[in-house]
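A short write-up of the structure that comes next.
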There are 2 protein chains.
Amino acid sequence: MSVASARAERSRLSATDWEQAALDVIAEQGVAAVAVEPLARRLGVTKGSFYWHFGTRDELLEATLRRWEQADAGALIAQVDRIADPRERLLELFRRTSREMRSHVIYSALLKALDHPAVRPVMQRVSQRRIQYLSLAYRALGLSRRDATHRSRLAYGAYVGFLQLMLLLKLERMTAEEFEAYVDHVVATLIPARGSVQPAAD
Amino acid sequence: MSVASARAERSRLSATDWEQAALDVIAEQGVAAVAVEPLARRLGVTKGSFYWHFGTRDELLEATLRRWEQADAGALIAQVDRIADPRERLLELFRRTSREMRSHVIYSALLKALDHPAVRPVMQRVSQRRIQYLSLAYRALGLSRRDATHRSRLAYGAYVGFLQLMLLLKLERMTAEEFEAYVDHVVATLIPARGSVQPAAD
DNA sequence: GCCTGTCAATACGCTACCGTATGGATATGA
DNA sequence: TCATATCCATACGGTAGCGTATTGACAGGC
């Protein structure tokens, strides 16, 4: 089923359709590839349609990012947050992060477009929020305020860096077992062993 | 002293001048901003000059990256490599990495342009080499082959990720002391304590 | 059955960049 | 001194994208 024929069935497009397509393009080719005319071609339509739904290209971008931020970006944390034990929660967070791709691909693509004024604030909020969440979990694990802050930054930095080295550099494609072993090492290194921390006083 | 007047003194440009300017632009605005006409303006010259020195824009990019790879990219390792004790070597590597900016800015800018066919292989080589170096140091510290591989990836990933969060996201501008404290935390977390590892058999 | 609002096609002008062609300037050395 | 090699300016044609203006198609409410 070609793009154009898909369109023939749906007949008309909504703003949401454009945002959805824009997010796909971000995942596949990055923010810079979100261009009106290519997008229109992709949807089997001309830009005459686009400029009915949006005023400018940047408006589309902003709408797309807004949608991403509130729909996708917080999904993982929401799932894991039910786990009571902080160590299990962190562990599960690390583990889940290591599955699923698309969400990371998008995050990584946005990371490469931080110079864009519409992208930066969104990424700031999302990243801050996640680091904050990590920090709280570390805190609950018994780390001091300082250590929790530092460790959460380190952990999140490791996540972000791994994304680059993996998805984008394709440093080498690891096997599934190799990857599991790596995640285990990360967990062992970045999550304090059970009973190794006594609650800090601060 | 304006760009144009600087040019009036040097009078004529060499290919190296163009590569140098290109690297500056990469550091300031990323790979995508390396464009012939803007570069010419920056150098107080027209593109008539450029196309005498280079055949295409991509040729300039490749030459620039080639120069960067062999001149700048290995500088840090070369300095640190004289240190005999592996733990001190790693420590000094981490510490030095946390000073100086420009080299990291460039590395980070190149990271954002990995889709470009001229950039990817360069970054692969440079990153591989560095991770390899880290791994060897960890090995010398007594870690097993597996652990050294994993730990070096983790450490380098943390470096790369921190670059993004810092230089590009400007998550918050840390003070110098805050930053020192963070580096100390990283060192304590990612470099095994002295005497905590007994040489592995593998 | 037609009017109106909704979505889309077409055609246009504009900007920024790439790459080519050709001639001009300048320094150097024979 | 003048010839050649080196470096640069100018002018041109081409592409890809943005945004606007105008008209067309069609469905639903009246």
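Values reported hereafter were calculated over all heavy atoms of this structure, with side chains retained and with hydrogens, waters and symmetry mates removed. Throughout, protein chains are lettered first and strands after them, A, B, ... in sequence-line order, and every chain is numbered starting at 1.
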Between A/M123 and A/R120, is any pair of side-chain heavy atoms under 4.5 Å apart? no

Length of the [atom1]-[atom2] vector between [X] and [N], whole Å:
X     : N      : atom1 : atom2 : answer
B/E59 : C/dT20 : CD    : P     : 10 Å
B/L13 : C/dT26 : CG    : P     : 16 Å
A/W18 : C/dT6  : CH2   : P     : 18 Å
A/F54 : C/dA8  : CZ    : P     : 12 Å
A/K47 : D/dT22 : NZ    : C1'   : 14 Å
A/L43 : C/dA9  : CG    : P     : 11 Å

Of the listed nucleotides [options], the one nearest the side chain of [X]:
X     : options                : result
A/Y51 : D/dG17, D/dT20, D/dC8  : D/dT20
A/R12 : D/dA25, D/dT20, C/dC18 : D/dA25
B/T46 : C/dC17, C/dG19, D/dT10 : D/dT10
B/R57 : C/dC7, D/dT10, C/dC18  : C/dC18
A/S49 : C/dA8, D/dA9, D/dG17   : C/dA8

Can a donor-acceptor pair be found between the side chains of A/Y107 and A/S127 at a distance below 3.5 Å?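 Note: A/Y107 and A/S127 side chains meet the donor-acceptor criterion.
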
Just checking, is any N or O donor in the side chain of B/R153 or A/Y182 under 3.5 Å from an acceptor N or O on the other one?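 Result is no, nothing qualifies.
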
Between B/E37 and A/W52, who's closer to the 5' end of DNA chain C by nearest nucleotide?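 Whichever sits nearer the 5' end wins; that is A/W52.
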
If you find the nucleotide of DNA chain D closest to A/A35 and the one closest to B/F50, which residue's nucleotide is nearer the 5' end?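 Closest to the 5' end, via its nearest nucleotide, is B/F50.
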
When you check the phosphate oxygens OP1 and OP2 of C/dT6, does a side-chain N or O of A/H53 lie under 4.0 Å from one of them? no

For A/A27 and A/R102, which heavy atoms make the closest approach, and how far apart are they?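 Nearest heavy atoms, A/A27 then A/R102: CB-NH1, 4.2 Å.
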
Do the rings of A/W18 and A/F50 sit parallel, tilted or perpendicular, given the 30° and 60° boundaries? perpendicular

